[in-house]
Amino acid sequence: MNVLEIKQLSKVFQGNAGEVTALDRIDLDVKAGEFVSIVGTSGCGKSTLLSIIAGLTDYTAGSMLLNGRPVEGPGSDRAVVFQSDATFPWLSVEKNIKYGMKVKKVPRAEQEKKAGELLKLLGLENFRNSYPRELSGGMRKRIDIGRAYAAEPDILLMDEPFGALDVVTRETMQDELLRIWSERKRTVIFVTHDLEEAMYLSDRIILLSPRPGRLKKVIELPFARPRTPALRESREFYELRNELRKLMNGGE
Ligand SMILES: Nc1ncnc2c1ncn2[C@@H]1O[C@H](COP(=O)(O)OP(=O)(O)OP(=O)(O)O)[C@@H](O)[C@H]1O
Ligand SMILES: [Mg+2]
């Protein structure tokens, strides 16, 4: 069952410098529960595609169906995590996580229960009364992920969520995300320009060509789950990385 069906989708921006074709006839189907990464060099249209899926940006041609229906703007069936923190600095960790549920007027007892479960899942139980500024970047990222999960969306959309973290924290967060995802299956569409990150996390990689973004190659990852840090050191990982790097840099 496909959650998302994108056909021949194009996006042309009308800028001051004239027209910019950001996406050119993209086809993409995503199955429920799948972890898909969108990869490509800077400016190839990754964020534009994610933003279109989020319903924040219009497309200029083609079609997009979410659960069989056309997308008309943002909705609670999708949640987005960006590179920059989206935590509210004036709210405690727990209140940050409850925020969306409060807006949706979820009954208080249910808010308590769900927030409790999420705090546990995220490893933030001991920090429920802390404020974002008291936490590290990696922990603030967990709050972002928790907030996205609290909305119980069909699709989690992530745009370079770990882009601002140092390498070590970034790899820890990749493992954390996989752990959370395996415990609470969601469809994830993850944008990154980091090939290794995409390879480590995904079931499938969608490689876009440099501007205008076209579908260059779709790669099914052959690696078993659960993924463990040893995979990053393995020969097959290294070889696939080199192959994809060549493709990303314009090779055939
Ligand atoms: N609002 C806009 N108006 C005009 N052009 C835009 C707009 N947003 C994006 N573009 C152009 O569309 C192209 C794709 O941009 P996009 O941000 O989607 O790329 P990206 O793959 O996410 O890049 P990066 O890896 O640097 O984040 C770029 O050429 C960009 O300049
Ligand atoms: Mg981007």
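When a ligand or atom number is given, it counts from 1 through the structure's own listing order.
Of the protein's heavy atoms, at least one falls inside 4.0 Å of atom 14 (C) of ligand 1. Shown here, atom 31 (O) of ligand 1 is out of close reach of the protein: none of its heavy atoms lies under 4.0 Å off.
For the residue pair Thr187 / Glu34, no side-chain donor-acceptor distance below 3.5 Å is found, with atom types taken as modelled. Counted by atom type alone, Asp27 and Gln8 present one or more donor-acceptor pairs between their side chains at under 3.5 Å. Side chains of Thr21 and Asp24: a donor-acceptor N/O pair is absent below 3.5 angstrom, by distance only.
A donor-acceptor pair is defined here as one N or O able to donate and one able to accept, closer than 3.5 Å; such a pair exists between the side chain of Glu134 and the backbone of Tyr131. For Gln14 (side chain) and Glu19 (main-chain N/O), no donor-acceptor pair under 3.5 Å exists by modelled atom type.
No side-chain heavy atom of Ser10 sits under 4.5 Å from any side-chain heavy atom of Leu23. A heavy-atom distance below 4.5 Å is not found between the side chains of Asp144 and Asn96.
Distances from ligand 1 to the non-hydrogen atoms of Gly40 include no value under 4.0 Å. Heavy-atom separations between Gly45 and ligand 1 include at least one value shorter than 4.0 Å.
Summary of contacts: the protein heavy atom closest to atom 25 (O) of ligand 1 is Lys46 NZ, 2.8 Å. Among all non-hydrogen protein atoms, the one lying nearest atom 23 (O) of ligand 1 is Gly43 N, 2.8 Å. From the protein, the heavy atom lying nearest to atom 3 (N) of ligand 1 is Phe13 CD2, 3.5 Å. At the top of the distance list for atom 17 (O) of ligand 1, counting protein heavy atoms only, stands Ser47 CB, 3.8 Å. The single protein non-hydrogen atom nearest to atom 26 (O) of ligand 1 is Ser42 OG, 2.5 Å, given as residue, atom name and distance.
A cation-pi contact links Arg147 to Phe88, judged by a cut-off of 6.0 Å to the six-membered ring centre and 45° from its axis. Cation-pi geometry between Arg232 and Tyr200 is met: under 6.0 angstrom from the ring centre, within 45 degrees of the axis.
Taking every heavy atom of Arg211 and a limit of under 4.0 angstrom, the matching atoms of ligand 1 come to 29 (O). Every atom of ligand 1 with a heavy atom of Ala22 under 4.0 Å away is listed here by number and element: 12 (O), 13 (C).
Of the polar atoms of Cys44, at least one N or O is found under 3.5 Å from an N or O of ligand 1, judged by distance alone.
Under 4.0 Å from ligand 1, not a single heavy atom of Gln14 appears.
Counting only non-hydrogen atoms, the option in Val39, Ile38, Thr48 that gets closest to atom 18 (O) of ligand 1 is Thr48.
With rounding to the nearest 0.5 Å, the separation of CG in Leu66 from CG in Asp154 is 6.5 Å.
Among the atoms of Ser47, an N, O or S atom is found under 2.8 Å from the Mg ion (ligand 2).
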